[in-house]
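Reading through the structure tokens given below for one structure.
Predicted model only: the values in this text are computed from it and were never measured. Along the sequence shown, residues carry numbers from 1.
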Amino acid sequence: MSDQTHSSDEPEADRRTFLRAVGGTAAATAGLSGTASATDRPGAGRTDTVPITHGVASGDVTARTAVVWARAADEATLHVEFGPDESFSTSRRKRTTVDSSTDFTGQIRLTGLQPATRYHYRVWATSAGGSDGANAASAPESAVTGTFVTAPARNEAGGVSFAWSGDTWGYGDDPVEPPYPGLRTIAERQPDFFLYLGDTIYADANTPAGKITENTPIEDALDIYRGKYREMRDPPAEVAERTNLRMLLEATSVYSVWDDHEVINNFAGPIEPLMPEGRRAFLEYWPLDRAGSGGSGDPNRLYGSFRWGEHLELFVIDTRQYRDPNVELDSKTLLGREQLDWLKDALSQSDATWKVLASPAPLGYPSDSWATPADRTGYEAELLEVVRHVQTEPVSNFVVVAGDVHKSVVGAFDPDDDGEFEFYEAIAGPLGAPAGKPDDLYPPLNPTEFFSKGEYTNFGTVTVDESGETLTLGIYDEEGTEQFTKTIAATEADAATSPPDRVESTFDEDAEGWLVSNNGGSNLPEYFESGGNPGGHIGDAENKGGVAWYYQAPFKFLGDRAAFYGGTLSFDLRQEQTDRQFDAEPTEGGDVLLVSGERKLVYEFRGPDATPGTEWTSFEVPLTADAPWIDLASEEPLATEDTLRAVLEDLEVIRIRGEYRGGDDRSYLDNVVLERG
């Protein structure tokens with residue numbers, strides 16, 4: 001994908017004219033006025049109305065369907081009237097009943113809609129015990145109104161524009177309290193939809209609705225969770241008159257997904273006892289339509305894809321419900337196998353010009369999720385699987401939008417170092433939570449950073465032009481002042497290429513994405529422009545780590561390396577001191593460690609030249625079962641050819657020992673080469 005960067009203070013053009021024109025034509029041809037049943041036509045009778053307490057919302061919009069959400073003050077029948085004109089002269093109605101089992105919230109699925117059409121809707125409630133005449137009555141003046149735009153049909157060209165952000169209700173020493181100007185600003189822009197990327201509440205923040213802690217009894221949690229969603233739409237008077245969330249939800253549709261604070265900070269779904277209650281409240285308070293996506297029928301499913309015409313498909317993923325806890329494991333799941341397989345298949349099958357992944361957690365920015373520091377490995381294996389899939393399918397024009405880290409960052413990534421970006425990623429937020437200073441992008445993915453700014457509230461936008469030829473990423477502060485824009489040109493998918501004969505790091509320009517593992521807080525090596533063998537090199541020193549620390553290879557060395565069986569891994573090492581040498585235990589990684597899933601293979605150098613000297617020492621490791629590779633996952637001490645081939649076929653980790661001296665130490669690495677035989 002080629003790209004162009006620019007800045008501008010000009011406001012974004014209003015693109016609603018086209019959609020309104022299409023909407024009027026589509027409505028006229030649909031014959032909506034003749035679709036209402038006899039019981040749906042206006043009549044004279046009505047029982048008492050019940051107040052709508054927290055506004056309305058529409059969501060999970062497709063070309064033909066949408067979901068409308070509302071909450072009543074008591075048990076009631078919710079009525080939705082909808083049509084393509086604001087006067088409701090041609091309209092249809094649907095209804096549902098609500099009671100205390102869902103905290104009086106209800107979701108009504110609208111069907112038979114026309115693509116690329118602006119719809120208006122209004123919602124009111126009547127007492128649950130009323131007669132059918134209540135449904136037949138005209139809408140009261142107290143009905144709450146909203147609007148949304150349906151997606152273009154999948155083969156229909158046309159532009160699409162949406163906004164995204166997350167992390168709304170603040171916490172800590174410097175939160176931004178309601179009304180959240182960013183939500184108002186987004187509503188005023190009238191995007192085709194808003195993507196709410198997690199932390200839509202802060203259940204574990206001390207707000208008037210309460211606070212969730214690890215000691216909160218499960219029987220009390222649901223009431224607190226529900227209260228959090230209510231106060232986000234209708235805050236207590238002592239906090240603010242409004243939050244602007246209702247304004248936004250009435251102005252456009254929303255795709256919402258959770259992150260951690262909808263339950264408790266940094267939770268991992270399967271082991272968190274409060275997760276089911278937090279999930280229940282989330283499902284109650286957002287207009288969702290994903291349970292049947294892909295034929296799964298799972299009522300708790302939060303991931304799915306949404307097509308917006310010929311040029312855009314949005315893939316919304318759930319990075320919390322299925323994740324393993326963030327403990328030190330070599331391979332952990334963030335998505336769960338079922339969701340990961342769905343994502344890969346959906347990306348492969350999509351013929352949309354642009355594939356946009358909506359991930360609450362960034363792929364290329366270090367956090368507690370996809371890209372974690374080297375001492376907390378695990379999720380990177382799943383990240384590698386996604387990246388490798390994008391490379392080998394291949395998946396063209398892949399863009400990630402994310403939140404979670406409370407900074408705005410835009411970058412692109414070339415993990416195989418072939419000069420072509422595999423994906424772009426734009427991070428936006430927070431809307432209300434405290435914002436910190438940004439860090440560097442994840443080095444092993446070979447990033448290029450275009451923009452980085454922290455310590456302010458913000459949101460992002462994506463605009464695909466009508467031809468589909470370009471996609472523009474925008475970052476704006478809460479008042480709508482442009483901070484950065486970048487326009488990317490669409491490219492055709494490249495044919496899958498054969499594996500290279502050689503992968504290398506010479507460190508002549510930078511550290512090339514290498515990490516340091518098992519060395520306390522030291523995760524990035526030092527880079528030296530000169531003094532290598534020759535040119536630049538990397539190094540690190542004792543940092544209160546374990547028995548032995550290691551250099552860890554970036555993504556370009558990893559993936560499918562089956563063709564390298566029979567080849568070599570070579571590198572140059574140097575130490576500052578050669579006294580007090582020790583042998584690393586195989587269970588710690590020996591001298592070289594290869595990992596694939598549960599398989600761990602260790603190679604150890606033997607003899608008088610087994611440790612590097614104070615001058616550069618060259619080492620060569622045969623990638624063949626004839627060499628003494630130790631299989632840590634087998635009762636047999638030495639790896640078989642089948643095992644070594646299997647590890648190379650799905651190589652997730654390469655580590656090269658950096659520490660050879662007991663006590664304080666310093667070592668250096670240069671000229672790492674993975675080469676076929």
Give me each pair satisfying salt bridge (Lys or Arg N to Asp or Glu O under 4.0 Å) with a member in residues 582-595, each pair once, sequence neighbours excluded. D591-R657

Would you call [X] and [Y] a salt bridge, using N to O less than 4.0 angstrom?
X: R323; Y: D260; result: no
X: D298; Y: R290; result: no
X: E393; Y: K344; result: no
X: R502; Y: E675; result: yes

How about [X] and [Y]: does a side-chain donor come under 3.5 Å of a side-chain acceptor?
X: S408; Y: Q483; value: no
X: Q575; Y: S667; value: no
X: S570; Y: E620; value: no
X: T333; Y: E382; value: yes
X: D540; Y: N519; value: yes
X: E649; Y: Y565; value: no

Supply the atom-to-atom distance [X] [atom1] to [Y] [atom2], rounded to the nearest 0.5 angstrom.
X: I488; Y: T470; atom1: CD1; atom2: OG1; value: 9.5 Å
X: F306; Y: E313; atom1: CZ; atom2: CD; value: 10.0 Å
X: L195; Y: Y255; atom1: CG; atom2: OH; value: 9.5 Å
X: L569; Y: L648; atom1: CG; atom2: CG; value: 10.0 Å
X: Q321; Y: L334; atom1: CD; atom2: CG; value: 12.5 Å

Is any side-chain heavy atom of [X] closer than 4.5 Å to a side-chain heavy atom of [Y]?
X: S517; Y: R655; result: yes
X: D665; Y: E576; result: no
X: S522; Y: W549; result: no
X: L623; Y: T568; result: no
X: W164; Y: V462; result: yes
X: E604; Y: I630; result: yes
X: Q391; Y: P415; result: yes
X: L593; Y: K600; result: yes

Which pair of heavy atoms, one from [X] and one from [Y], lies closest together, and at what distance?
X: I317; Y: L357; result: CG2-CD1, 3.7 Å
X: S359; Y: W370; result: OG-NE1, 3.3 Å
X: T587; Y: L632; result: CA-CD1, 4.0 Å
X: F315; Y: S350; result: CZ-CB, 3.9 Å
X: D318; Y: Q339; result: N-OE1, 2.8 Å
X: I475; Y: A428; result: CD1-CB, 4.3 Å

In terms of heavy-atom contacts, does [atom1] of [X] have more than 12 from other residues, nucleotides or ligands at under 6.0 Å?
X: E641; atom1: CD; result: yes
X: E455; atom1: CD; result: yes
X: D345; atom1: CG; result: yes
X: N543; atom1: CG; result: yes

Begin with the C-alpha distance, continue with both residues' side-chain angles, and end with the deciding distance and a verdict on ring pair (Phe, Tyr, Trp, His ring centres under 6.0 Å) for W514 and Y550. CA-CA 10 Å; W514 282 75; Y550 290 80; over 10 Å; no

Qualifying residue for side chain to side chain contact (heavy atoms under 4.5 Å, CB included) with D404, from L197, D259, T319: D259

From the list Q581, E542, R666, side chain to side chain contact (heavy atoms under 4.5 Å, CB included) partner of R661 resolves to Q581

Salt bridge (charged side-chain N to carboxylate O under 4.0 Å, His left out), that's the test. Do R320 and D368 meet it? Break it down for me. CA-CA 11 Å; R320 285 292 167 184; D368 71 327; 3.3 Å; yes

Indicate the ring-plane relationship of [X] and [Y], choosing parallel, tilted or perpendicular according to the 30° and 60° boundaries.
X: F528; Y: H537; answer: parallel
X: W342; Y: Y303; answer: tilted
X: F605; Y: F619; answer: tilted

Y365-Y442 aromatic ring centre distance below 6.0 Å: no

Walk me through whether R307 and D351 qualify under salt bridge (charged side-chain N to carboxylate O under 4.0 Å, His left out). CA-CA 10 Å; R307 186 66 178 257; D351 60 356; 2.9 Å; yes

Would you sort out whether F267 and W258 count as a ring pair (Phe, Tyr, Trp, His ring centres under 6.0 Å), showing the intermediate values? CA-CA 11 Å; F267 85 93; W258 67 355; 5.5 Å; yes

Between F582 and Y660, is a ring pair (Phe, Tyr, Trp, His ring centres under 6.0 Å) present by the stated rule, with each step listed? CA-CA 6 Å; F582 69 92; Y660 288 83; 7.6 Å; no

Identify the residue among D572, D670, T506 that makes a side chain to side chain donor-acceptor pair (under 3.5 Å) with N533. D572

Using modelled atom types only, decide if a donor and an acceptor are shared between the side chain of K556 and the backbone of E504 within a distance under 3.5 Å. yes

Side chain T640, main chain T643, donor-acceptor under 3.5 Å: yes

What residues, two or more places apart in sequence or in another chain, satisfy side chain to side chain donor-acceptor pair (under 3.5 Å) together with D341? R337

